[in-house]
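Take a look at the structure set out below.
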Amino acid sequence: MAMKSTVALSVLYILAVIFVSAKAESKTKSCNDVKEAYSSKGFNVNDVPNKGVHGAHLKVCPQGYSCCTLEMEEKLSQQSRSDLKEPVNRLSSSMQSTFTQRHRHFDQFFRELLDNAEGSLHDMFVRTYGQMYMKNAELFKRFFQQLRRYYAQGGAAVNLDSMLAEFWAELLERMFQLVNVQYEFTDGYMECVSRHTEQLRPFGDVPRKLRLQLTRAFIAARTFTRGLAVMAEVVNKVSTVSASPSCVRAAMKMMYCPYCSGQVALKPCQNYCLNVLRGCLANQADLDFEWNNFLDAMLSLADRLEGPFNFESVMDPIDVKISDAIMNMQENSMQVSQKVFQGCGQPKPSKAFRASRSIKETGFTGRFRPYSPDARPTTAAGTSLDRLVTDVKKKLKHAKKFWSTLPDTVCAGEKVAIGDECWNGTAKSRYESVVMNSGLANQMANPDVEVDISKPDVVIRRQIVVLKEMTTWLKAAHSGNDISFENEEEAASGEESGSGCDTPNCGADTDIYFSTPTPIKPNLKPVVKSDRTSAALAVRANLLLALLGLLLVLLETHWR
């Protein structure tokens, strides 16, 4: 009797175990949660079986009982490609937008500064010189047109040194004729005057200082602006690099194989995610070295823009500086004229000369208030260069190590889990593999992504070259040099536009506006004693002619 009871209990226990196991198996085979999650991705819910099926047909996920069919696995693989690109594209697009906007702000600001400077000079010179300026306004208009061309196209379009030399030579020609209207000058004579512009130094030290200031400021401004544009272009091109098939396979296994096992809420282990992303973004991480060098060069040039190469502090007072040069010529016109006469010969008196006309047309009487940096107007879009630079420096610093830290940025927060309660690629358990370092060379032993380290991505390697080249230009601009046209045909002539300074410490002396230059002696004809006597007689003759002309005008007025 006891034996029968024992047998009965054993049968009941076995039946209970079978029932519980069947119930558990039935539960694991239920695919209702998978249906809901699958349809939330936009797929047809009818693709999902009601209960688990044997997964021998699957190519990526574990091949036990599964809620995924082969068709579902293929669709989820395509979804994983999009899901992998989404955070990378979002982060890249945000950075691209940031620096595209900063490029637009800087470019607009520099161009508007040029427009404002030209307008300010025009208004000032109209009030001060009147018709004398209006008759020669095209000289100044052409001056600003050339500055705009140099800003936009650099030394390939305009040799800044030559352009400035021509501007001052032509200004000297026109002013020399205005202060010597009692003489006639041939074209050949005026060419002689132009050749001696630098030796005569009729405008004092203004041309030398302005050349140095304009060269440094323009090179820094245009190179920095170009750097912002290159930054956005690099981000755009790198973000378009597509994921490899092995990367898509790894992403599918990480993100959607838990679906197939019915664990739709299970998140990947963080270290597992890092290995997958570092394998998938290995080529992008290789950008980091040149990317960081480029950013360091941009930050160094930004410091120059705030200091000795400040474009705004050069362009705002340019009207005052040119006016000072004209005033210097006016005050020293007698000495300049005599040096020219000694070097180029005594000109012939003008037959049409009239003293009244001479007095009227040579009357440069304008004087300007000293320029004060504190009185600088707010320009372009209601901002200033200091504000723009301060803002962009913060953005540049934030962009450091962007590419190598992309996996860490993506594999964070609610997207991953830490500990044992996470998907490790095969089951719900701790991830035991070692996390790979960033970069292509470190992916040879990546346990989760097959990476061919012998075939670097061509697009990304090209962008590394672009960054390296731009960094070279930025470092040259930091020293006041423009090398951006060395690949152009103009380089064959051996000339470089704007060799602002030659040493790495160039610009350290921020007070470049008031340095004392080495005196330059005009290389004209030596004046011997007899020449001095002749010069003195010539001055007296000129005065007599002027008095005679004035007397004739008075007599003519009296007889009328």
Side-chain angles (χ1 to χ4, degrees), residues 80-81 83-96 99 230-255 268-299 396-413 415-416 424-425 431-472 474:
S80 67
R81 182 191 297 271
D83 290 348
L84 182 67
K85 289 182 67 176
E86 188 278 326
V88 176
N89 286 347
R90 175 169 42 80
L91 292 167
S92 298
S93 296
S94 176
M95 177 168 288
Q96 181 187 350
F99 288 101
V230 165
M231 193 173 182
E233 290 167 7
V234 168
V235 174
N236 178 52
K237 290 180 180 178
V238 172
S239 65
T240 61
V241 173
S242 58
S244 66
S246 61
C247 176
V248 174
R249 179 185 178 89
M252 162 65 194
K253 186 176 181 181
M254 178 180 73
M255 290 187 277
C269 302
Q270 186 176 39
N271 286 347
Y272 174 38
C273 178
L274 284 174
N275 268 345
V276 171
L277 267 293
R278 286 183 181 178
C280 289
L281 300 175
N283 280 284
Q284 285 86 338
D286 281 353
L287 271 169
D288 235 33
F289 180 76
E290 289 302 336
W291 175 262
N292 292 334
N293 285 342
F294 163 77
L295 291 176
D296 287 338
M298 286 286 287
L299 287 165
L396 290 168
K397 290 174 183 176
H398 184 69
K400 295 287 284 290
K401 298 183 178 179
F402 174 77
W403 302 105
S404 62
T405 58
L406 259 180
D408 302 79
T409 306
V410 175
C411 297
K415 295 182 179 179
V416 295
N424 67 3
Y431 183 75
E432 301 291 349
S433 299
V434 176
V435 179
M436 300 292 102
N437 290 325
S438 297
L440 190 62
N442 294 314
Q443 304 311 309
M444 182 179 292
N446 193 312
D448 300 296
V449 187
E450 294 180 11
V451 182
D452 187 350
I453 65 172
S454 66
K455 294 181 179 179
D457 185 88
V458 176
V459 173
I460 290 176
R461 296 297 141 172
R462 173 58 190 153
Q463 296 316 301
I464 290 174
V465 173
V466 169
L467 287 171
K468 186 179 293 187
E469 185 179 52
M470 192 67 232
T471 300
T472 302
L474 290 164

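FYI, side chains are in, hydrogens and waters are out, and symmetry mates aren't considered; it's all heavy atoms of this structure. Numbering of residues begins at 1 and proceeds along the displayed sequence.
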How many angstroms lie between atom [atom1] of [X] and atom [atom2] of [Y], to the nearest 0.5 angstrom?
{"X": "Ser94", "Y": "Asn89", "atom1": "OG", "atom2": "CG", "answer": "12.0 Å"}
{"X": "Asn283", "Y": "Leu440", "atom1": "CG", "atom2": "CG", "answer": "5.0 Å"}
{"X": "Leu281", "Y": "Asp457", "atom1": "CG", "atom2": "CG", "answer": "11.5 Å"}
{"X": "Asn236", "Y": "Gln96", "atom1": "CG", "atom2": "CD", "answer": "4.0 Å"}
{"X": "Cys269", "Y": "Leu274", "atom1": "SG", "atom2": "CG", "answer": "11.0 Å"}
{"X": "Gln284", "Y": "Ser239", "atom1": "CD", "atom2": "OG", "answer": "9.5 Å"}

Task: Summary of ring-ring contact (aromatic ring centres under 6.0 Å, His included) pairs that have at least one residue in residues 431-465, sequence neighbours excluded - done: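 Listed once each, the pairs are Tyr272-Tyr431.
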TODO: Quick one: which residue pairs count as a salt bridge (charged side-chain N to carboxylate O under 4.0 Å, His left out) with a foot in residues 276-285, not counting sequence neighbours?
DONE: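 Non-adjacent pairs meeting salt bridge (charged side-chain N to carboxylate O under 4.0 Å, His left out): Arg278-Asp408.
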Task: salt bridge (charged side-chain N to carboxylate O under 4.0 Å, His left out) contacts in which one or both residues fall within residues 239-251, not counting sequence neighbours - done: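 Non-adjacent pairs meeting salt bridge (charged side-chain N to carboxylate O under 4.0 Å, His left out): zero.
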Tell me the closest heavy-atom pair linking [X] and [Y], and the distance in Å.
{"X": "Met444", "Y": "Ile453", "result": "CE-CD1, 3.2 Å"}
{"X": "Asp288", "Y": "Trp403", "result": "OD1-N, 3.2 Å"}
{"X": "Leu277", "Y": "Pro407", "result": "CB-CB, 3.6 Å"}
{"X": "Met231", "Y": "Ala399", "result": "CE-CB, 3.8 Å"}
{"X": "Val459", "Y": "Lys237", "result": "CG1-O, 3.9 Å"}
{"X": "Ser92", "Y": "Val235", "result": "O-CG1, 3.2 Å"}

Has [X] got a side-chain atom pairing as donor or acceptor with [Y]'s backbone, closer than 3.5 angstrom?
{"X": "Gln443", "Y": "Asn437", "answer": "yes"}
{"X": "Asn442", "Y": "Ser438", "answer": "yes"}
{"X": "Asn275", "Y": "Val449", "answer": "no"}

Open item on the list: Using side chain to side chain contact (heavy atoms under 4.5 Å, CB included), reason through Ser433 and Asn271 one step at a time and then give a plain yes or no.
Closed with: CA-CA 8 Å; Ser433 299; Asn271 286 347; over 6 Å; no
Is there side-chain contact between [X] and [Y], with at least one heavy-atom pair below 4.5 Å?
{"X": "Cys273", "Y": "Met254", "answer": "yes"}
{"X": "Val88", "Y": "Leu406", "answer": "yes"}
{"X": "Phe402", "Y": "Leu287", "answer": "no"}
{"X": "Leu396", "Y": "Phe294", "answer": "no"}

Open item on the list: Listing request: all side chain to side chain donor-acceptor pair (under 3.5 Å) pairs with a residue in residues 458-467, at least two apart in sequence or in separate chains.
Closed with: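 Residue pairs passing side chain to side chain donor-acceptor pair (under 3.5 Å), neighbours aside: Asp286-Arg461.
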TODO: Can you sort out the partners of Glu86 under salt bridge (Lys or Arg N to Asp or Glu O under 4.0 Å), two or more places apart, ordered by chain and number?
DONE: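 Once residues adjacent in sequence are excluded, the partners of Glu86 under the salt bridge (Lys or Arg N to Asp or Glu O under 4.0 Å) criterion are Arg90.
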TODO: Please list, chain by chain and in numerical order, all residues satisfying salt bridge (Lys or Arg N to Asp or Glu O under 4.0 Å) with Lys400, sequence neighbours excluded.
DONE: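 Once residues adjacent in sequence are excluded, the partners of Lys400 under the salt bridge (Lys or Arg N to Asp or Glu O under 4.0 Å) criterion are Asp296.
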TODO: Would you sort out whether Leu84 and Cys280 count as a side chain to side chain contact (heavy atoms under 4.5 Å, CB included), showing the intermediate values?
DONE: CA-CA 9 Å; Leu84 182 67; Cys280 289; 4.0 Å; yes
Open item on the list: Please determine whether the number of non-hydrogen atoms from other residues, nucleotides or ligands lying under 6.0 Å from atom NZ of Lys401 exceeds 12.
Closed with: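 No - once you tally the heavy atoms of other residues, nucleotides and ligands closer than 6.0 Å, there are 12 at most.
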